[in-house]
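Computed over heavy atoms, backbone and side chain alike; hydrogens, waters and symmetry mates excluded.
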Amino acid sequence: MKKKVVIISTEVNMTGANQSLFDWLIEADREIYNFIIVFPKYNENIWNKCKELNCEPINGMYFHEYRRLDRENMKNLITWGSNHLWMPIVVKRLKRKLAKENVVLIHSNTYASLLGAYLANELNVPHIWHIREFMEEDYQLSHFRNNKINYFHNQAYPIYISKIIKEKYWKRFERGKLVYDQVVFDKYYHHKNKKKSEPYKILMAGTLAENKGQMDAIKATELLVKEGYKVELFICGDGPDKQKILNYISTHDLSEYIYMLGFVDDLEKLRSEIDIAYVCSKMEALGRVTVENMYYENLTIGADCGCTKELISNGRGVSYPFGDFSALASATMQAIDNWDNMIEIMHNAREYAIANFSEPIYKQIYKIYNEVLSK
């Protein structure tokens with residue numbers, strides 16, 4: 001019987017975490033390991049994707065047990081507390097369901113969930129924790145009143161997706177390996193040639209939340225328009241700040257220049273028409289969107305913090321001080337005014353993305369599996 005690895009996912013759409021998971025599973029050799037992926041609820045598109053990859057999806061019927069540091073009120077505390085109390089029931093149900101499977105390891109695809117830690121403890125198997133987010137700094141999240149967190153840290157083996165993530169979390173685990181995410185690119189992609197007579201098209205993709213900086217992008221676009229620059233901003237994604245953003249666009253008469261596209265499954269097609277991509281996040285752990293910007297030759301103008309700073313340094317992008325929309329607008333003006341010089345930056349960025357993120361990583365992950373299982 002083949003060894004089975006249970007992967008825990010906290011999302012049921014094509015978020016960056018799920019995309020990164022599926023990208024390395026595409027290449028993964030099934031001669032040694034088979035995969036069961038647990039999701040919070042059923043989603044037809046995700047189920048079909050799992051079947052394409054020869055993975056078994058399971059509806060875990062569970063809720064996020066973390067708390068939002070920016071939304072602490074009595075109603076939410078009760079909700080988070082209820083989700084936390086529901087977790088033992090979820091773990092017991094999954095334990096029964098997996099009892100007949102040859103499960104040798106639990107792999108949590110996020111640090112935000114403790115489900116994998118609980119389940120590994122119940123099944124008495126090793127736990128891999130894939131650390132891919134700054135919980136407090138970027139997402140305003142924290143584990144909900146869990147007095148076992150230090151124990152779970154001691155029992156788990158972490159995989160870090162970037163140097164800056166490793167620096168942040170190493171002191172909690174004092175072990176682990178750095179494995180950059182693999183990104184599957186469209187090999188036949190061809191970027192259009194820029195015509196100066198066209199509006200410069202700007203993309204911003206990601207969760208609509210304060211820490212992601214959409215309002216900075218919108219205000220920067222507003223300044224660009226006032227200065228006479230021909231630009232259009234395309235915002236892709238959904239999230240808690242959606243209504244706030246819509247209200248600002250409406251009250252400031254910006255609908256002619258700013259387009260809200262919602263969640264977009266296939267960004268590659270849109271990217272072929274994009275010139276500039278904004279990354280305005282407070283603290284990106286890696287920034288899959290940034291890597292995609294680089295490969296698809298969308299000039300990245302990003303905040304000088306988190307992994308964004310690391311990715312676009314050394315002539316691979318343009319940086320500006322986080323939270324300063326005036327500086328973002330100025331950086332954009334300088335890029336447009338010196339567009340011929342930006343061509344080399346975009347070329348350097350593409351070469352870097354190919355060199356560092358296109359190779360299969362499943363062998364590195366399998367090596368970690370084997371090392372952990374041999375102990």
Side-chain angles (χ1 to χ4, degrees), residues 10-11 14-21 23 66 68-70 109-112 130-142 158-170 178-183 185 202-218 220 235-241 263-264 267 271 274 276-296 298-314 316-325 327-328 331 345 349 352-353 356-357 361:
T10 59
E11 304 293 342
M14 289 302 286
T15 59
N18 279 341
Q19 287 177 336
S20 297
L21 169 63
D23 278 355
Y66 50 67
R68 292 291 302 263
L69 299 176
D70 56 344
N109 195 44
T110 173
Y111 182 61
H130 216 131
I131 316 294
R132 55 173 68 258
E133 61 272 293
F134 287 104
M135 283 186 59
E136 296 87 356
E137 297 91 337
D138 194 25
Y139 289 95
Q140 292 290 297
L141 300 178
S142 175
I159 296 175
Y160 310 103
I161 66 166
S162 67
K163 292 178 183 177
I164 195 167
I165 279 287
K166 184 177 180 181
E167 291 171 3
K168 161 76 176 180
Y169 288 100
W170 180 267
L178 169 63
V179 180
Y180 285 112
D181 280 340
Q182 175 187 350
V183 180
F185 301 118
I202 305 170
L203 172 67
M204 186 166 188
T207 303
L208 306 184
E210 183 177 357
N211 58 292
K212 293 298 184 181
Q214 280 88 6
M215 288 305 302
D216 288 341
I218 290 167
I235 298 177
C236 301
D238 202 352
D241 273 13
F263 189 83
V264 178
L267 274 177
R271 286 185 183 280
I274 293 298
I276 297 168
Y278 283 163
V279 181
C280 305
S281 302
K282 181 178 181 180
M283 190 65 76
E284 283 287 347
L286 174 64
R288 180 189 176 90
V289 166
T290 307
V291 175
E292 291 175 344
N293 294 341
M294 296 166 76
Y295 176 83
Y296 293 110
N298 305 145
L299 176 69
T300 301
I301 301 181
D304 60 352
C305 52
C307 199
T308 304
K309 182 178 180 179
E310 175 188 335
L311 290 173
I312 67 173
S313 63
N314 299 319
R316 296 188 294 266
V318 177
S319 65
Y320 76 97
F322 167 75
D324 188 341
F325 67 86
L328 175 57
I345 290 176
Y352 180 85
N356 290 276
F357 297 96
I361 63 170

_For K168 and M283: C-alpha separation, side-chain torsions, deciding distance, then whether side chain to side chain contact (heavy atoms under 4.5 Å, CB included) applies._
CA-CA 12 Å; K168 161 76 176 180; M283 190 65 76; over 6 Å; no

*Which atom pair, heavy atoms only, marks the closest approach of S319 to D304?*
CB-CB, 4.2 Å

*asked:* Using a 3.5 Å distance criterion without hydrogens, assess whether the side chain of E284 forms a donor-acceptor pair with backbone atoms of T308.
replied: no

*More than 12 non-hydrogen atoms from neighbouring residues, nucleotides or ligands closer than 6.0 Å to NZ on K309, yes or no?*
no

*asked:* So D181 and D23, do their side chains get closer than 4.5 Å, heavy atoms only?
replied: no

*Taking C-beta and beyond as the side chain, do F357 and L286 meet within less than 4.5 Å on heavy atoms?*
yes

*Specify the closest pair of heavy atoms between I164 and A285, including all atoms of both residues, with the distance to one decimal.*
CG2-O, 3.8 Å

_With rounding to the nearest 0.5 angstrom, report the CD1 to CD1 distance, I159 to I161._
11.0 Å

*Once you round to the nearest 0.5 Å, how far does OH of Y278 lie from OH of Y320?*
8.5 Å

*Would you say I165 and Y111 make side-chain contact, with heavy atoms under 4.5 Å?*
no

*Calculate, to the nearest 0.5 Å, the distance between atoms OG1 and CG belonging to T300 and L311 respectively.*
8.5 Å

*Could you give the distance from CG (D238) to OG1 (T207), rounded to the nearest 0.5 Å?*
8.5 Å

_Pairwise side-chain contact, I235 with Q214, heavy-atom cut-off 4.5 Å (strictly under)_ = yes

*asked:* Among R132, E133, H130, exactly one meets side-chain hydrogen bond (donor to acceptor under 3.5 Å, both in side chains) together with T110. Which residue is that?
replied: E133

*Compare all side-chain heavy atoms of V291 with those of R288 and state whether any distance is below 4.5 angstrom.*
no

_Using every non-hydrogen atom in the two residues, find where S162 and Y180 come nearest and quote the distance to one decimal._
CA-CE2, 3.9 Å

_Gap separating the OG atom of S281 from the CZ atom of F134, nearest 0.5 angstrom_ = 11.5 Å

*Where do M14 and F263 land on the side chain to side chain contact (heavy atoms under 4.5 Å, CB included) test, with the steps shown first?*
CA-CA 9 Å; M14 289 302 286; F263 189 83; 4.2 Å; yes

*Taking atom CH2 of W170 and atom NZ of K163, what is their separation to the nearest 0.5 Å?*
15.0 Å

_Exercise: identify the closest heavy-atom pair between L203 and C236_ = CD1-SG, 3.7 Å

*Just wondering, do N293 and I274 contact through their side chains at under 4.5 Å, heavy atoms?*
no

*asked:* Please give me the minimum heavy-atom distance between G302 and I312, naming the atom from each residue.
replied: N-CD1, 3.8 Å

_Check for me whether R316 meets the cation-pi criterion with Y352, that is, NZ or CZ under 6.0 Å from the six-membered ring centre and within 45 degrees of the ring axis._
yes

_So which atom in C280 and which in L328 form the shortest heavy-atom distance, rounded to 0.1 Å?_
SG-CD2, 3.8 Å

*F185 and Y295 aromatic ring geometry - parallel, tilted or perpendicular at 30°/60° bounds*: parallel

